[in-house]
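Every chain is numbered from 1, with letters handed out A, B, ... down the list of sequences. The shown structure was predicted, so the numbers you read here are calculated from the model rather than taken from an experiment.
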Number of protein chains: 2
Amino acid sequence: MEHRHMDGVQKNAPKKRKTTWKKDPAAVKEDILTVATEAFAAHGLSGANINEIAEKTSTSKRMIYYYFGDKEGLYRSVLERVYSSLREIEQALNVADLEPIMALRRLTEATFDSHVKNPQFIRLVMIENIHNAEYARKSDVIPTLNKAIIEKLADVCTRGKAAGVLRDDADPLELHWMTSSASFYNVSNKATFTTSFGNRLFTEEGQKRIRNRVVDMVLGAVVIDYLPRKGG
Amino acid sequence: MEHRHMDGVQKNAPKKRKTTWKKDPAAVKEDILTVATEAFAAHGLSGANINEIAEKTSTSKRMIYYYFGDKEGLYRSVLERVYSSLREIEQALNVADLEPIMALRRLTEATFDSHVKNPQFIRLVMIENIHNAEYARKSDVIPTLNKAIIEKLADVCTRGKAAGVLRDDADPLELHWMTSSASFYNVSNKATFTTSFGNRLFTEEGQKRIRNRVVDMVLGAVVIDYLPRKGG
DNA sequence: TGACAAATTAACCGCAAGGTACATAAAAAG
DNA sequence: CTTTTTATGTACCTTGCGGTTAATTTGTCA
């Protein structure tokens, strides 16, 4: 009971505490995670500020520590949540009954588009890479999440080779690497690329061209006698 | 350096100051920049610690502030320095007297290799992108640096089209985008990619394959009737 | 209805880390 | 040789921010 700094004069008159509130743990957690996701994606692990996060939630800083332990715990939860939500999108994709080349085209386009649509995810993955993926690696869900897309690509490869339309050195993992690299970079490096070269490739037009280019590159790498369409 | 708890004896005895030293501003600045580059590349702008940086230099924290003003100033200097040093590498590359396709192959390979060889640069660019390139944009050298590579590609395109070996929609900036995206991602996302899919693509073998794939992708996108070689 | 656990609030703490004050040696200027 | 400017060293200050303490309310279950 040491009010050491209250020498004498009414310093720190206690704010009136809220007299009533509802219990809603799930909503509180969600609220915190939503705000924290934005903060970590914007400023990174060390750059994000717990006090600021707390202010933007409808609850208090104490609750963050109550539910997530510490800053790192909060970050880990954010990471897992955003990884998981993206996996759902990937799993929803159904190309099993398209013919192989069309399936591959669709998968590539879908990957490209989902990257464009989820910049927050991209930023968090960038941040993870800065940290050498140490938090993703600690997670026991994240390392298992991306299997879905690889399986789909593997299926396409198998079918494509059987049909004689894909080169027999086509490899699902390499295919994913190619698609990912283009799709990821397109979002992750937009800022510096624009700084160096202007935004010509990042207008609506430019992005359409790039998207087609990516498809052509990927198909061109594995489809036998692939003929890219002309122009953008 | 806590002298506070040395109760009684020798409390706060000022450390004997170095009685003699040489002036060497240039070396001191270089020393600081070298250490700071490592620190910022490893931990980002907010994550890097000025005290730690100071300890690793052969000089004192005071000098960091003397020469660079504040943390942000130091970061900006680091950024400009690594950008500039990479530009020199690019400029040294001479492909003007190779035939167009070979020239393009060499440029692509060189870009891929230089990314692999300069992970610190990659990390700093990643960090800049997290910050929406605000510091790179403020710089008055960085935005002008990457012109060299584009000019080389433009020359190759012109010659290639004239010789009838390159598609007439081949575009230097797009070519650079393709090469960069693959080369950059290969380094920047190694950690998370490995976490998800194992390190098969990052062994010596795997990297050779990837490198060849990248060349094939780029050439395949612009060379008329390009025939990729088989296998890895 | 009252004990107990779970959820929430406001206030506080410690210290790490960015930044500064001040003294002084080395070199340059005059 | 004196003065001034540049470069350096040591100690220190301030506060932002991650994390805690302690009290209080809400809901549950004997």
Can you measure B/Tyr75 atom OH to C/dG18 atom P for me and round it to whole angstrom units?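 Distance, rounded to whole Å: 15 Å.
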
When rounded to whole Å, the CG to P distance for the pair A/Asn51 and D/dT20 reads 14 Å

Strictly by salt bridge (Lys or Arg N to Asp or Glu O under 4.0 Å), give each pair with a member in [range] just once, sequence neighbours left out.
{"range": "residues 137-150 of chain B", "result": "B/Glu72-B/Lys138, B/Glu134-B/Lys138"}
{"range": "residues 118-132 of chain A", "result": "none"}
{"range": "residues 31-42 of chain B", "result": "none"}

Listed once per pair and sorted, the ring-ring contact (aromatic ring centres under 6.0 Å, His included) pairs that draw on residues 107-146 of chain A, sequence neighbours left out: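 ring-ring contact (aromatic ring centres under 6.0 Å, His included) check on residues 107-146 of chain A returns A/Tyr75-A/Tyr135, A/Tyr83-A/Phe121, A/His131-A/Tyr135.
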
Give me the residues of residues 59-69 of chain B where at least one heavy atom lies under 4.0 Å from an atom of DNA chain D, by number, or none.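 Correct list: B/Thr59, B/Ser60, B/Arg62, B/Met63, B/Tyr66, B/Tyr67.
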
Can a side chain N or O of A/Asn49 be found less than 4.0 Å away from OP1 or OP2 on D/dC17?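 Looking at the OP1 and OP2 atoms of D/dC17, one of them is under 4.0 Å from a side-chain N or O of A/Asn49.
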
Working for side-chain contact (heavy atoms from CB on, under 4.5 Å), residues A/His176 and A/Ile149: CA-CA 8 Å; A/His176 180 64; A/Ile149 186 75; 3.8 Å; yes

Would you please say whether a donor-acceptor pair under 3.5 Å links the side chains of A/Asn129 and B/Thr192?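 Present: a donor and an acceptor within the cut-off.
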
Is there a donor-acceptor pair closer than 3.5 Å between any side-chain N or O of B/Asn49 and the backbone N or O of B/Glu52?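 Confirmed, B/Asn49 side chain pairs with B/Glu52 backbone.
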
Heavy atoms within less than 4.0 Å of DNA chain C: which residues of residues 26-37 of chain B have one? Give them sorted by number. none

